[in-house]
Amino acid sequence: MTENYRVGLVTCAKEDRISNLPEHLIHSILERIPLEEAVSTSILSKKWRYKWTKMTALVFHEQFSKKFAKNGAFGRNGFIRIINKVLFFHKGPILKFHIHIPNMFLDSFEEVDHWVLFLSRNSVNELLLTNSNRRYELPSYMFCCLELTKLKLHKCCFTPPLEFEGFLNLEELRLEDIDFGPSLYRTKVNLPRLKKLCLIKCTNVYNFNIKATKLQQLIVHACPDAMLLRLLDSPCLFLVSIAFEKPVQDFVGVEKMNFATMLSNLSKVEYFYINSLFLKFLIEEKIPKLLPGAISSLKQSWLLDIQLESPNCLDSTLDQLKIVEMTCLKGSKPELLFIKLLLAHSPSLQKFTIKPSRASDVQKRYDIAKEVMQFPRASAKAKMFCLDPEP
């Protein structure tokens with residue numbers, strides 16, 4: 001019996017394949033499980049005691065932060081103390097760092113500043129900071145993280161030092177509820193490798209003057225003072241999404257432009273989304289007829305949530321347009337004329353989907369579907385889909 005037990009122990013030891021994996025594979029496994037569980041592997045054996053301390057990715061997600069926020073900031077198992085312990089024991093570079101700051105009492109963000117300083121010295125490539133507390137003013141060390149390739153910030157004040165020239169390696173930037181303040185005025189931020197820029201509910205955006213010649217995707221939602229023509233000035237753009245949340249008269253200092261002016265900057269756009277409020281802003285003044293060259297290069301996909309009021313663009317030809325989806329349709333005459341335009345001037349069209357507004361009744365939806373089905377189509381392959389509104 002004793003002999004069999006010993007044989008069993010030897011067999012189990014030989015079959016511990018995970019512990020014998022190369023270090024980089026073990027770290028890859030640890031980084032795919034919640035951080036709490038990764039740290040807990042230190043109790044498995046002496047061999048596992050310090051493996052988690054060499055992880056290159058640390059993710060303190062919202063569920064993690066809320067759990068420890070219940071114990072306060074500096075309690076024995078409080079939010080600040082736990083993260084300080086993890087960073088104290090950590091060894092080696094941190095390439096990916098995600099942190100959620102919960103809504104809890106903080107005298108200051110001093111400890112958060114220390115974390116950012118720590119990251120600036122550890123070659124961080126990907127940084128995501130979300131904040132449910134009061135707005136956090138980014139420290140100067142943030143702008144020393146020059147190896148960043150991906151940066152996402154929420155509810156912060158973006159105030160770089162005067163000598164800051166830009167993030168030279170940054171490829172993706174998402175800024176939500178960010179206040180750019182007055183200090184950025186006329187300061188150009190150089191982002192030579194930026195491919196994706198997302199601005200959501202930011203303030204003082206007109207001060208955010210960037211140079212991003214390789215920008216491919218631009219998303220600007222609820223930022224009415226953004227200098228869109230400047231942001232659209234990229235020859236590589238293929239995705240543009242712009243939306244307002246309030247009527248334009250509620251804002252001061254909005255950049256003046258019209259539909260034709262904007263489209264003239266979209267020479268390679270394949271995916272284009274605008275909502276009704278932004279479109280109404282564009283067509284406040286009478287729209288001149290669009291030249292075919294200003295619009296014919298839009299490709300593959302237009303996702304439009306529109307209430308068009310001036311359908312004066314029937315001379316345009318959309319040679320490469322393949323997929324169209326229009327949502328929140330109210331059945332107005334301008335909307336129907338716009339659909340007729342797209343069907344009649346899109347020889348490559350393959351799929352056209354419409355979704356009526358949730359406010360429309362069944363009869364209204366039927367009338368819309370019946371009318372659009374009768375419109376002539378330039379493409380023999382074009383198929384019409386009339387779907388129910390989204391819940």
Testing Thr159, Asn207, Asn204 one by one against Asp179 for a side chain to side chain donor-acceptor pair (under 3.5 Å), which residue passes? Asn204
If we only count heavy atoms from C-beta on, is the Phe118 to His114 side-chain gap below 4.5 Å? no
Leu218 and Leu239: side chain to side chain contact (heavy atoms under 4.5 Å, CB included), yes or no, with the steps? CA-CA 6 Å; Leu218 174 64; Leu239 182 151; over 6 Å; no
For the backbone of His154 and the side chain of Thr130, can you confirm whether one donor and one acceptor N or O come within less than 3.5 Å of each other? no
Any chain of hydrophobic side-chain contacts (each under 4.5 Å) joining Met373 to Phe375? yes
Hey, does the side chain of Asn133 reach the backbone of Pro102 with a donor-acceptor pair shorter than 3.5 angstrom? yes
Can you find a heavy atom in the side chain of Leu175 that is under 4.5 Å from one in the side chain of Phe208? yes
Do Leu58 and Leu87 make a side-chain contact, defined as non-hydrogen atoms from C-beta onward lying under 4.5 Å apart? yes
Once you round to the nearest 0.5 Å, how far does CG of Leu231 lie from CG of Leu237? 9.0 Å
Between Arg134 and Leu106, is there a donor-acceptor pair closer than 3.5 Å when you use the side chain of the first and the backbone of the second? yes
Specify the closest pair of heavy atoms between His221 and Ile219, including all atoms of both residues, with the distance to one decimal. NE2-CG2, 3.8 Å
Hydrophobic cluster identity match, Leu129 and Ile200, side-chain contacts under 4.5 Å: no
Measuring from Cys202:SG to Asp177:CG, what's the distance to the nearest 0.5 Å? 7.0 Å
Could you go through Phe60 and Phe68, starting from their C-alpha distance and side-chain angles, then the distance that decides it, and tell me whether this counts as ring pair (Phe, Tyr, Trp, His ring centres under 6.0 Å)? CA-CA 11 Å; Phe60 304 94; Phe68 291 100; 9.2 Å; no
Would you list the pairs meeting salt bridge (Lys or Arg N to Asp or Glu O under 4.0 Å) in which at least one residue belongs to residues 153-169, sequence neighbours left out? none
Kindly compute the distance separating CG (Leu194) from OG1 (Thr149), expressed to the nearest 0.5 Å. 11.0 Å
Thr56 side chain near Ile94 side chain, heavy-atom distance below 4.5 Å: no
Is there a side-chain contact between Glu176 and Ile178 (heavy atoms, below 4.5 Å)? no
For Phe167, which residues count as a ring pair (Phe, Tyr, Trp, His ring centres under 6.0 Å) partner, sequence neighbours excluded? Phe164
With a 4.5 Å limit on heavy-atom distance, are the side chains of Val124 and Leu148 in contact? yes
Short side-chain to backbone donor-acceptor contact, Asn169 and Glu147, under 3.5 Å: no
What residues form a side-chain contact (heavy atoms from CB on, under 4.5 Å) with Leu138, not counting sequence neighbours? Tyr136, Met142, Phe143, Leu153, Cys156, Phe158
For the pair Phe64 and His61, name the ring-plane relationship: parallel under 30°, tilted 30 to 60°, perpendicular over 60°. perpendicular
Heavy-atom count around Arg135 CZ within 6.0 Å, excluding the residue itself: above 12? yes
Can you tell me how far the SG atom of Cys236 sits from the CD atom of Gln216, to the nearest 0.5 Å? 6.0 Å
So, taking the atom named NZ in Lys195 and the one named CG in Leu170, what distance separates them when rounded to the nearest 0.5 Å? 11.5 Å
Using modelled atom types only, decide if a donor and an acceptor are shared between the side chain of Arg377 and the backbone of Lys340 within a distance under 3.5 Å. no
Is there a side-chain contact between Leu173 and Cys198 in this structure, where contact means two heavy atoms from C-beta onward sitting under 4.5 Å apart? no
Would you check, one step at a time, whether the test side chain to side chain contact (heavy atoms under 4.5 Å, CB included) holds for Met104 with Phe79? CA-CA 9 Å; Met104 59 184 298; Phe79 171 69; 3.8 Å; yes
After noting the C-alpha distance and the side-chain angles of Val205 and Phe180, does the key distance pass the side chain to side chain contact (heavy atoms under 4.5 Å, CB included) rule? CA-CA 6 Å; Val205 190; Phe180 292 99; 4.2 Å; yes
Any chance you could lay out the side chain to side chain contact (heavy atoms under 4.5 Å, CB included) test for Asn209 and Val189, step after step, and finish with the verdict? CA-CA 6 Å; Asn209 183 11; Val189 179; over 6 Å; no
Applying side-chain contact (heavy atoms from CB on, under 4.5 Å), can you list everything that pairs with Tyr141, at least two apart in sequence or on another chain? Asp113, Val116, Leu117, Ser120, Pro139
Could you check whether any side-chain heavy atom of Ser234 comes within less than 4.5 Å of a side-chain heavy atom of Leu232, counting everything from C-beta outward? no
From Cys144 atom SG to Leu146 atom CG, the distance as rounded to the nearest 0.5 Å: 6.5 Å
Suppose we screen for side-chain hydrogen bond (donor to acceptor under 3.5 Å, both in side chains). Which residues come up paired with Asn84, at least two apart in sequence or across chains? Glu111, Trp115
I'd like to know if Arg174 and Glu172 make a salt bridge, using a cut-off of under 4.0 Å between side-chain N and carboxylate O. no
Under 3.5 Å donor-acceptor pairs involving side-chain atoms of residues 378-386, not counting sequence neighbours:
residue : atom : partner : partner atom : Å
Ser379  : OG   : Leu349  : O            : 2.7
Ser379  : OG   : Lys381  : N            : 3.2
Ser379  : OG   : Ala382  : N            : 3.4

May I have the step-by-step check of side-chain hydrogen bond (donor to acceptor under 3.5 Å, both in side chains) for Gln63 and His100, ending in yes or no? CA-CA 9 Å; Gln63 292 77 11; His100 174 80; over 6 Å; no
Mind listing the closest non-hydrogen atom pair of Ser360 and Pro356 along with its distance? OG-CB, 3.5 Å
